[in-house]
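Order of listing sets the numbers, starting from 1, for every ligand and every atom in it. Note that the structure is predicted; figures quoted are calculated from it, not measured.
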Amino acid sequence: MAVTGILLVLFLVVHMLGNLKIFTGETSFDHYAHWLRDIGAPLLPHTWYLWIQRTVLTVAVVAHIVAATVLARRARAARPVKYAHRKKIQGSYAARTMRWGGVIILLFVIYHILDLTTGHLNPQGDASNPYGNVVADFAPERWYVTLFYTLAIVTVGFHLRHGAFSAFRSLGQQTPKGERRARAAALVFAVALCAGYLVVPFAVLTGLVS
Ligand code: HEM
């Protein structure tokens with residue numbers, strides 16, 4: 001769970017930083033997107049790095065889901081007799097929404113790839129102009145796309161907050177003070193990541209990026 005989670009978080013951080021290049025202008029952003037296809041050249045042929053990354057991420061997502069299922073089964077098996085009175089509120093909101101949050105994120109990623117990678121669901125869908133695709137996507141009249149992305153990214157934030165908190169605790173922050181520290185660090189990390197993602201659609205929506 002932790003190893004695959006860390007890999008996915010690494011991707012999320014790098015992807016968020018890459019998206020921020022939109023503020024450096026169209027030429028620079030498109031150049032960055034084309035460079036993504038040439039990472040490792042001349043050792044690796046065109047798009048090979050990208051396909052290696054895609055394979056690793058897909059394996060990580062599948063393994064993350066399998067690990068979550070195994071852990072949930074193990075937890076259930078450890079308590080075969082159901083609690084007579086199950087408390088309605090167990091743990092934080094983020095902790096209680098991990099499973100459905102994960103499903104929503106997976107559905108979002110499928111939509112997102114069809115939108116900004118393959119271009120099928122994008123109003124422009126021009127592979128040679130990713131900057132234009134982003135601007136067309138989050139245009140003010142398509143405010144509902146920004147709304148949908150916002151909901152998905154906030155879901156990612158909740159998922160990450162609980163995941164990071166669990167990871168920090170596993171790394172030794174288990175005293176009450178350590179838990180408080182882990183909780184605060186997870187919250188700061190999740191909020192920073194969400195803000196880094198959300199600033200792009202909102203910059204387009206408000207005309208800051210056009
Ligand atoms: C507002 C936020 C986001 C923006 C503006 C954005 C932008 C983009 C763009 C432009 C691409 C296409 C890159 C290219 O083909 O050159 C892309 C691909 C992708 N994005 Fe995002 N993204 C956002 C959020 C996310 C989130 C939250 C996730 C994951 C939960 C994510 C996962 C991916 C994946 C998996 C790809 C496919 C990469 C590949 O081609 O292998 N993105 N994104």
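In this structure, H31 places its NE2 atom where only 12 or fewer heavy-atom neighbours from other residues, nucleotides or ligands lie under 6.0 Å away.
Note that atom 24 (C) of ligand 1 has protein non-hydrogen atoms nearby, at separations under 4.0 angstrom.
Cluster annotation: V134 and L147 are assigned to the same hydrophobic cluster (Ile/Leu/Val/Met/Phe/Trp/Tyr, side-chain heavy-atom contacts under 4.5 Å, transitive). L8 and M98 end up in different hydrophobic clusters when Ile, Leu, Val, Met, Phe, Trp and Tyr side chains are linked at under 4.5 Å.
Every atom of ligand 1 is numbered from 1 in the order shown, and the set under 4.0 Å from a heavy atom of L12 is 29 (C), 30 (C). Numbered from 1 in the order shown, with element, the atoms of ligand 1 that lie under 4.0 Å from a heavy atom of A33 read 16 (O). Residue Y197 approaches ligand 1 through these ligand atoms, each under 4.0 Å from one of its heavy atoms: 1 (C), 2 (C), 3 (C), 23 (C), 24 (C), 25 (C). Those atoms of ligand 1 that come under 4.0 Å of a heavy atom in P201, given as number and element, are 1 (C). Per-residue contacts place I153 under 4.0 angstrom from the following atoms of ligand 1 (heavy atoms of the residue considered): 1 (C), 2 (C).
The protein heavy atom nearest to atom 34 (C) of ligand 1 is F11 CZ, 3.7 Å. At the shortest separation from atom 10 (C) of ligand 1 among protein heavy atoms lies V134 CG2, 3.8 Å. Summary of contacts: the protein heavy atom closest to atom 27 (C) of ligand 1 is F108 CE2, 3.7 Å.
Judged as a salt bridge (Lys or Arg N to Asp or Glu O under 4.0 Å), not a single pair has a partner in residues 144-154 (not counting sequence neighbours). Within the structure, no pair that satisfies the salt bridge (Lys or Arg N to Asp or Glu O under 4.0 Å) test touches residues 8-30, not counting sequence neighbours.
Within the model, atoms CZ of F165 and CZ of R181 stand 12.5 Å from one another, a figure rounded to the nearest 0.5 Å.
The closest side-chain heavy-atom distance from R161 to F189 is not below 4.5 Å.
With sequence neighbours excluded, no residue forms a salt bridge (charged side-chain N to carboxylate O under 4.0 Å, His left out) with R37.
Side chains of N19 and Y32: a donor-acceptor N/O pair is absent below 3.5 angstrom, by distance only. If you check the side chains of H15 and Y197, you find no donor sitting under 3.5 Å from an acceptor.
Ordered by chain and number, H15 NE2, H112 NE2 make up the set of protein N, O or S atoms under 2.8 Å of atom 21 (Fe) of ligand 1.
For atom 39 (C) of ligand 1, the candidate residues are R37, Q53, H34, R54; the nearest heavy-atom contact is made by R54.
Taking 4.0 Å as the cut-off, L8 does not count as a neighbour of ligand 1 on heavy-atom distance.
Looking at V109 against ligand 1, only its side chain comes within 4.0 Å, counting heavy atoms.
Side-chain atoms of T175 come within 3.5 Å of backbone N or O of G178 as a donor-acceptor pair. Side-chain atoms of N133 come within 3.5 Å of backbone N or O of G125 as a donor-acceptor pair.
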